[in-house]
Amino acid sequence: MNLLKIYQKLLKRFGTQNWWPMQRDFSPPEWEICVGAVLTQNTNWGNVELALKNMKEKGLISRDCIKKVSEKKLAEVIRPAGYYNQKAKKLKILASFSGNLTRESLLSLWGLGPETVDSILLYAYGKPYFVVDAYTKRIFTRLGFGNRKSYDEWRKFFESNLPRSVSLYKEFHALIVKLGKENCRKKPVCRGCPLRRECKKSGI
DNA sequence: CTCCAGGACAAGC
DNA sequence: GCTTGTCATGGA
């Protein structure tokens, strides 16, 4: 069973996921995608939308404003996103960043780990980095794709076993998240899961 | 009531 | 290198 086939099954079952700039009508500016990527760290996307709405209403969404406003004030505005003190600091650090947009330079910033950095590079700047999250590891371990441990091992596994396509990377990751929410909550084979057969075959 | 979401970091071993 | 504690709101 190869990755592309799994992608196709998920796409057929769930349809396109309309994450960030895949939408036709509304394509948020790159900076807003970066903000969202930080705010959604270990946080439900619904809460992130509440925070983004607050930021827009208060006129605190642009890079410049975030640089200027106090960390405390920013924290208050993004409160619904949770971890608001940490995230306010992260956003200010990111807003002040002015280096090359490489994976390495972004990773050197406090508060940006591999998943957030890859999300920014992929969804905001269209660079072909495959985003790996907790769902990805759990689901593909269960499917018998090996017991990789580190983030980069998983990322390289996907990147070297898929066509190097930005839109494919975007949609596949979104579909994996969708699958993780719908199914794969519990350990055994889940009812109605589009990967039920593959899951059984792996014997986990 | 409990559980946990589109993680990252620091401290301890 | 790996494990655990911390950060926090809002919806199911």
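The model shown is predicted, which means the values in this text are computed figures rather than measured ones. Throughout, protein chains are lettered first and strands after them, A, B, ... in sequence-line order, and every chain is numbered starting at 1.
- Within 4.0 Å of A:Gly111, counting heavy atoms only, lie sugar-phosphate atoms of the nucleic acid but no base atom.
- When rounded to the nearest whole Å, the span between NZ of A:Lys87 and C1' of B:dC9 equals 14 Å.
- At whole-Å resolution of the value, CD in A:Gln86 and P in C:dT9 are 12 Å apart.
- Across all strands shown, A:Ile78 has no heavy atoms under 4.0 Å from either base or sugar-phosphate atoms.
- To the nearest angstrom, P of B:dG6 lies 12 Å from CD1 of A:Ile139.
- Here A:Thr116 reaches the OP1 or OP2 of B:dA8: one of its side-chain N or O atoms lies under 4.0 Å away.
- Panel note: side chain A:Lys67, backbone A:Ser62; no donor-acceptor pair is recorded below 3.5 Å.
- Residue contacts shown for A:Glu115 are limited to sugar-phosphate atoms, with no base heavy atom under 4.0 Å away.
- For B:dA10, one of the phosphate oxygens OP1 or OP2 lies less than 4.0 angstrom from a side-chain nitrogen or oxygen of A:Trp110.
- Between A:Leu122 atom CG and B:dG6 atom P the separation is 17 Å, expressed in whole Å.
- Atom P of C:dT6 sits at a distance of 24 Å from the matching atom of B:dG6, rounded to the whole Å.
- Nucleotides of DNA chain B nearest to A:Leu107 and A:Thr40 differ in position, and the one nearer the 5' end is that of A:Thr40.
- Between A:Tyr83 and the phosphate of C:dT6, there is no side-chain N or O to OP1/OP2 separation shorter than 4.0 Å.
- Of all nucleotides listed (C:dG10, B:dG6, B:dA8), B:dG6 comes nearest to the side chain of A:Trp20.
- In this structure, A:Asn42 does not reach the B:dA8 phosphate: none of its side-chain N or O atoms is under 4.0 Å from OP1 or OP2.
- Under a 3.5 Å cut-off, the side chain of A:Tyr151 and the backbone N or O of A:Val132 do form a donor-acceptor pair.
- One finds a side-chain N or O of A:Lys181 lying less than 4.0 angstrom from the OP1 or OP2 phosphate oxygen of B:dG6.
- Judged by distance alone, with hydrogens and angles left aside, the side-chain atoms of A:Gln17 form a donor-acceptor pair with the main-chain N or O of A:Gly15 at under 3.5 Å.
- Among the heavy atoms of the strands lying under 4.0 Å from A:Lys149 are primed sugar atoms or P, OP1, OP2 only; no base atom is included.
- Here the separation of B:dC3 from C:dG5, taken at their P atoms, is 16 Å to the nearest Å.
- Stacking of A:Tyr135 onto the six-membered ring of B:dG6 is not present when judged by under 5.5 angstrom between centres and under 30° between planes.
- Checking the phosphate oxygens (OP1, OP2) of C:dC7, no side-chain nitrogen or oxygen of A:Tyr84 falls inside 4.0 Å.
- A:Thr116 and A:Gln41 form a side-chain donor-acceptor contact under 3.5 Å, judged by distance and modelled atom types alone.
- For A:Trp154 (side chain) and A:Arg148 (main-chain N/O), a donor-acceptor pair under 3.5 Å exists by modelled atom type.
- Note: CG (A:Asp118) to P (B:dG7) measures 13 Å, nearest angstrom.
- When rounded to the nearest whole Å, the span between CG of A:Asn47 and P of B:dG7 equals 12 Å.
- One can place CG of A:Asn85 at 9 Å from C1' of C:dA8, the figure rounded to the nearest angstrom.
- Going from atom CG of A:Asn44 over to atom C1' of B:dC3 covers 12 Å, rounded to whole Å.
- Considering A:Lys170, A:Arg103, A:Lys127, A:Lys156 as possible partners of A:Asp118, the one that fulfils the salt bridge (Lys or Arg N to Asp or Glu O under 4.0 Å) test is A:Arg103.
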